[in-house]
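One structure is given here, and the rest of the page talks about it.
Quick note: numbers below take in every heavy atom, side chains included, and nothing from hydrogens, waters or symmetry partners.
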Amino acid sequence: MAEEGNSQDDAVAEIEKKIIEAFEVFDQGGDKTVSIRDIGSIVRSLGCFPTEAEIHELLANVEKEEPTGYIHLEKFLSVITKVLLDRSYQPIPEDVLLHAFEALDENKCGYITKEELVKYMTGEGEPFTEEEMEDMLSTALDPETNTLHYRDYILKLIVE
């Protein structure tokens, strides 16, 4: 029975290590705090895909006292460890992503132009910020053709 507890402890330790590493990327001052604006990026870098509303709910759980605009690693670690252990905020299945991109590809050519992508991502649903748009475009677009070949891009999005 003790072995099972150790494997659970090992899993938690491994998850906590990943969380700390992701957190430290955004900890500019090295003081174990990050801006609340970075929490969504940290959570997504850990393979979770929450909505903005879910991010706000997560922040409310972390920031129970007076909101300061910054989150301390110690408070974040316990909340996000539970999120990862519970497998909250799972990614959208590959076939659903493909169907969504195909719906945007009016000419059925296998790609979406930069202009079309920007129009969709900033004008529909929950709009991307300019910074989020720049980050996505730098990752998603083929630099030679300035288009998004969505079948290739979906492979980058899939988290094992």
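Taking CD1 of I42 as the start and CD1 of I71 as the end, the distance is 9.0 Å to the nearest 0.5 Å. Rounding to the nearest 0.5 angstrom, the gap separating the CD atom in E115 from the CG atom in N146 is 6.5 Å. Summarising the geometry, atom CZ belonging to F26 is positioned 6.0 Å from atom OG belonging to S45; distances are rounded to the nearest 0.5 Å. Rounding to the nearest 0.5 angstrom, the gap separating the NE2 atom in H56 from the CG atom in N61 is 13.5 Å. How far CD of E102 is from CG of L97: 11.0 Å, rounded to the nearest 0.5 Å.
A salt bridge links E52 with R44: at least one charged nitrogen is closer than 4.0 Å to a carboxylate oxygen. Salt bridge status for R37 with E131: absent, with no side-chain N to carboxylate O gap under 4.0 Å.
Closest non-hydrogen pair, S88 versus C48, comes out as O-SG, 4.0 Å. Nearest heavy-atom pair, L46 versus A22, reported as atom, atom and distance to 0.1 Å: CD2-CB, 3.9 Å. The two residues L117 and I112 make their nearest non-hydrogen contact at N-CG2, 3.8 Å. Contact detail for D105 and Y111: the closest heavy-atom pair is OD1-O, 3.4 Å.
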Going through the checks in order, is the side-chain contact (heavy atoms from CB on, under 4.5 Å) test met by T113 and V118?
CA-CA 9 Å; T113 67; V118 169; over 6 Å; no
Derivation and outcome, ring pair (Phe, Tyr, Trp, His ring centres under 6.0 Å), residues F76 and F23
CA-CA 9 Å; F76 180 71; F23 192 92; 5.6 Å; yes
Dump the intermediate steps for side-chain contact (heavy atoms from CB on, under 4.5 Å) on L85 and I15, then the final yes or no.
CA-CA 8 Å; L85 286 172; I15 286 172; 3.4 Å; yes
Could you walk me through whether H149 and T145 pass the side-chain contact (heavy atoms from CB on, under 4.5 Å) check?
CA-CA 10 Å; H149 294 271; T145 62; 3.7 Å; yes
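Two residues are said to be in side-chain contact when any heavy atoms from C-beta on lie closer than 4.5 Å; V62 and I80 fail this criterion. Using a 4.5 Å heavy-atom threshold, the side chains of E74 and K32 count as separate. When side chains are defined from C-beta on, Y70 does not count as touching I36, because their heavy atoms never get closer than 4.5 Å. Counting only heavy atoms from C-beta outward, the side chains of L148 and D142 never approach each other to under 4.5 Å. By the 4.5 Å heavy-atom criterion applied to side chains, L58 and P50 are not counted as neighbours. The shortest distance between side-chain heavy atoms of T147 and K114 does not fall below 4.5 Å. Side-chain contact check for E94 versus L155: some heavy-atom pair is nearer than 4.5 Å. A heavy-atom distance below 4.5 Å is not found between the side chains of L104 and E116.
Within the 3.5 Å criterion, the main-chain N or O of D135 finds a donor-acceptor partner in the side chain of T139.
Using modelled atom types, one finds a donor on one side chain and an acceptor on the other under 3.5 Å when comparing D31 with T33.
Other residues, nucleotides and ligands contribute more than 12 heavy atoms inside 6.0 Å of the OH atom of Y89.
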